[in-house]
Number of protein chains: 2
Amino acid sequence: MDCGDLFNPDCPTRLVLDRIADKWTVMLLVLLSQGPMRFSALKRATGISQKVLAQTLKRLERDGFASRAVFPTVPVTVEYLITPLGADLAQTLEGLRLWSERHIGAVLAAQRDYDAAA
Amino acid sequence: MDCGDLFNPDCPTRLVLDRIADKWTVMLLVLLSQGPMRFSALKRATGISQKVLAQTLKRLERDGFASRAVFPTVPVTVEYLITPLGADLAQTLEGLRLWSERHIGAVLAAQRDYDAAA
DNA sequence: GATGTTGGTTACCTTGGGAAACCAGATAGT
DNA sequence: ACTATCTGGTTTCCCAAGGTAACCAACATC
């Protein structure tokens, strides 16, 4: 697991982590990778606040991970779609999902042990 | 990429994301997976503040991802080591590191395009 | 006994996320 | 005409997470 230079703040891994390692970005990425979704559907699905959802979607669009499609219905319909780049990233995060399902028990057990010792 | 139910807040993926999807946890996990490291070395390597480093390491320990070894030298030496569980998680994140090195250019290009359009 | 070293903890301040209200644009109901 | 309603936001205000800097304990050295 050599990063070339993880100590360097311009290391690609650090740059990518700075973009996606927050509370909601990864979850939105995974949701959108399952299919297009409207703003309100994403809000309902995640429980994220409207403000931060708008912010986070803007960043996803800026980074080239998602795109916005506006349909002039009434009321207006806005759909968010994953891009090929975003889909590729979501695919590599699939491993994390599998890991979570396999090891969540071990994590929760570790937490219980740690809390019991204190 | 079916999560069973990513809409459910108790979905394993969401629980794991809640633990590791913050500014520093993933980077510390990757660093420790390369070998044991002392507190001050982690601080220098990441640029993280002392307070948040201590906090984050405590959480890593609680979640069973890292362990703390204190050597009664003078001044005291404290080493942080990755656990098998943490190493396993870091291994699945290796895919993310590879993805970053391959696609960071596309991300930065997308950002440039987006900013130019505005 | 002042100084330096490591690994923290404790103020203090600044930034980011959450809750709720408001807004635009257009239609439906009364 | 007027109010209500729907979507997709933005604005306002508040609180929590993170950063800065100072301090502390336990020694060892000068």
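By convention in this document, chain letters (A, B, ...) are assigned in the order of the sequence lines, proteins followed by strands, and residues within each chain are numbered from 1.
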(request) Decide salt bridge (charged side-chain N to carboxylate O under 4.0 Å, His left out) for B/Glu94 and B/Arg97; before the verdict, give the C-alpha distance in whole Å, the side-chain angles of both, and the deciding distance to 0.1 Å. (result) CA-CA 5 Å; B/Glu94 172 69 6; B/Arg97 191 182 66 71; 2.8 Å; yes
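- Dashed line: the shortest gap from a side-chain N or O of B/Arg38 to OP1 or OP2 of C/dG7 is under 4.0 Å.
- Between the NZ atom of A/Lys58 and the C1' atom of C/dG16 there is a distance of 15 Å, given to the nearest Å.
- We find that NZ of B/Lys43 is positioned 11 Å from P of C/dT6, with the value rounded to whole Å.
- Each of B/Pro75 and B/Tyr80 was matched to the nucleotide of DNA chain C holding its nearest heavy atom; the match closer to the 5' end belongs to B/Pro75.
- Listed candidates were C/dG17, C/dG8, D/dG19. Nearest to the side chain of B/Ala54 is C/dG8.
- Within 4.0 Å of A/Thr77, counting heavy atoms only, lie sugar-phosphate atoms of the nucleic acid but no base atom.
- Residues B/Val78 and A/Gln55 both approach DNA chain C. Their nearest nucleotides, taken by heavy-atom distance, put B/Val78 toward the 5′ side.
- The side chain of B/Ser49 has D/dT20 as its nearest neighbour among D/dT20, C/dT6, D/dG8.
- In this structure, A/Gln50 atom CD and D/dT7 atom P are separated by 11 Å, rounded to whole Å.
- One atom, CZ of B/Phe71, and another, C1' of C/dT5, lie 18 Å apart when rounded to the nearest Å.
- Taking 4.0 angstrom as the limit, A/Ser40 places none of its side-chain polar atoms (N or O) nearer than this to OP1 or OP2 of D/dT7.
- Of the candidates C/dT10, D/dC27, D/dT12, C/dT10 carries the atom nearest the B/Lys51 side chain, counting heavy atoms from C-beta on.
- Linking Ile, Leu, Val, Met, Phe, Trp and Tyr whenever their side-chain heavy atoms come within less than 4.5 Å puts B/Leu108 and A/Ile20 in one cluster.
- For C/dG16, the OP1/OP2 oxygens have no side-chain nitrogen or oxygen of A/Trp24 closer than 4.0 Å.
- Using a 4.5 Å heavy-atom threshold, the side chains of B/Tyr80 and B/Arg38 count as separate.
- Across the protein-nucleic acid pair, A/Leu53 atom CG and C/dG17 atom P stand 12 Å apart, rounded to whole Å.
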(message) For A/Arg59 and A/Asp22: C-alpha separation, side-chain torsions, deciding distance, then whether salt bridge (charged side-chain N to carboxylate O under 4.0 Å, His left out) applies.
(response) CA-CA 12 Å; A/Arg59 260 186 293 125; A/Asp22 63 61; 3.2 Å; yes
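- The C1' atoms of five pairs define one axis at each end of the helix from C/dG1-D/dC30 to C/dT30-D/dA1, and these two axes lie 30° apart (to 10°).
- Rounded to a whole Å, the CG atom of B/Leu28 is 12 Å from the P atom of D/dG18.
- Following chains of ILVMFWY side-chain contacts shorter than 4.5 Å, one cannot reach B/Leu57 starting from A/Tyr114, and the two form parts of different hydrophobic clusters.
- Rounded to whole Å, atom C1' of C/dA20 lies 16 Å from atom CD1 of A/Ile48.
- Remark: A/Asp63 CG to B/His103 NE2 distance equals 14.0 Å, nearest 0.5 Å.
- The backbone N or O of A/Leu89 sits less than 3.5 Å from a side-chain atom of A/Thr92, completing a donor-acceptor pair.
- The phosphate of D/dG19 (OP1 or OP2) has a side-chain N or O of B/Lys23 nearer than 4.0 angstrom.
- If you take CD of A/Glu61 and P of D/dG8, they are 14 Å apart, rounded to a whole angstrom.
- With B/Thr56 contributing its side chain and B/Val52 its backbone, the two residues share a donor-acceptor pair below 3.5 Å.
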